[in-house]
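For ligands, and for the atoms within them, numbers begin at 1 and follow the listed sequence.
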Amino acid sequence: MNTSQLRQAILDYSEEIGIDKLGFASADVFESLKQRLKRQQELGYQSGFEKGSIEERTEPDRLLPEAKSIISIALAYPSRTKDRPANKKEERRGVFCRASWGRDYHEVLKAKLTDLDAFIRERFPDAETNVMVDTGELSDRAVAERAGIGFSGKNTSIITPEFGSYVYLGEIITNIPFVPDTPLEDGCGSCTKCLDACPTGALVQGGQLDAQKCLAFQTQTKDFMPEEYRSKIGHFIYGFDTCQAVCPYNKHMDVHKHPEFEPDLDVAKPKLKPMLRISNREFKETFGHVAGSWRGKKPLQRNALIALGNDRDTASVDEIISVMSNDPRPVIRGTAAWSLGKIGTEEAYAAIKDAMKQEQDDQVVEEMEKGLTFQEVTLTD
Ligand code: SF4
């Protein structure tokens with residue numbers, strides 16, 4: 001089988017195993033990405049979650065010495081749930097971003113890529129390959145852009161004509177010299193909807209992201225969330241995809257092709273109060289299979305407290321007081337105090353003052369003081 005026959009066979013097989021889009025790219029150095037990453041590093045725009053050096057992220061032959069091509073794949077995921085759970089007063093719900101609604105896409109894409117890899121190796125015994133999904137060094141987006149999967153939007157997502165930007169991406173680097181696909185034309189034009197909608201101005205100079213300001217990143221940190229971002233996350237307890245939701249290319253996109261990505265409402269939009277004291281075992285059983293659990297339960301619990309505060313959920317006050325008084329983790333106690341201050345009942349303020357007398361941790365005391373400043377605002381209003 002020659003490479004052009006193999007190319008076609010790969011395209012046919014990818015359809016058979018439920019890959020929604022597949023493209024081929026050269027394995028040349030990603031020169032403009034390299035320059036952009038260097039600028040981002042200088043400006044301090046990185047999240048700290050990036051894997052590998054800039055060279056490893058932009059030079060495919062560092063990851064596979066004989067690299068000639070990269071096969072890029074995309075799988076579409078839904079953007080709407082079938083039933084919309086009521087956000088009842090007694091049972092406030094948070095929300096995971098859409099990319100974390102179904103089963104962890106890393107596993108699903110890895111399985112497809114592994115099948116594809118075996119298919120290639122069977123037909124091309126000299127094949128050398130390296131399979132990657134998101135957590136690898138290479139930029140999935142840069143590869144997908146070069147392989148003609150979609151264009152890179154000003155919101156930094158890859159936007160496909162068929163599925164909008166609601167796609168997961170993965171790739172295989174190989175030593176097989178496939179004929180590359182042609183990249184798509186930029187489709188943003190003069191639109192600035194995502195830049196205008198971003199609550200923190202994290203999207204800078206169209207196509208660049210200041211990861212430190214990105215709310216999706218902020219929901220994944222483990223320390224106290226800087227106060228300026230807390231009210232802006234609203235109900236999001238993991239990720240933040242407003243820059244995708246406002247994009248005209250996503251307007252009618254809601255693809256339900258993969259049962260694995262179908263959201264379970266009680267996981268994708270979970271009740272917040274029960275999350276505050278969820279055990280490790282329950283957490284693993286309930287949320288362990290979604291991508292949004294990768295940082296463990298603490299960031300999600302912290303964000304659930306913030307979301308309850310943003311909602312001024314008086315029905316949760318007793319539970320939050322208990323968390324503030326008993327949780328061993330300072331980030332959780334302090335955020336609980338902030339949340340109580342936001343909710344702003346007399347009982348909440350009295351509990352903060354009471355707990356402050358016992359609190360030994362300076363940062364938690366600081367959060368308690370912040371919580372009490374809401375009372376001053378309420379009194380002077
Ligand atoms: Fe491009 Fe507009 Fe979509 Fe932003 S919202 S990615 S500017 S088309």
Within reach of ligand 1, part of Ile159 (heavy-atom separation under 4.0 Å): side chain
Contact atoms of ligand 1, heavy-atom distance to [X] under 4.0 Å:
X	answer
Tyr249	8 (S)
Asn155	6 (S)
Cys194	4 (Fe), 5 (S), 6 (S), 7 (S)
Lys193	5 (S)

Identify the protein heavy atom lying closest to atom 1 (Fe) of ligand 1, giving its residue, its atom name and the separation to 0.1 Å. Cys188 SG, 2.2 Å
Strictly below 4.0 Å, N to O, side chains only: are Lys110 and Glu107 in salt-bridge contact?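 No, no charged N to carboxylate O under 4.0 Å.
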Can you tell whether the side chains of Glu55 and Arg62 come within less than 4.0 Å, N to carboxylate O? no
Decide whether Thr129 and Arg121 meet the rule of one side-chain donor and one side-chain acceptor closer than 3.5 Å. yes
Phe151 and Tyr249 aromatic centres sub-6.0 Å: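 So the answer is yes for these two rings.
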Does any part of the side chain of Tyr238, heavy atoms only, come nearer than 4.5 Å to the side chain of Asn303, both counted from C-beta? no
Side-chain heavy-atom pair Ser157, Tyr166 within 4.5 angstrom cut-off: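 A side-chain contact under 4.5 Å is absent here.
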Ignoring hydrogens, just give me the one of Cys247, Gly153, Gly189, Cys191 whose non-hydrogen atom is nearest atom 7 (S) of ligand 1. Cys191
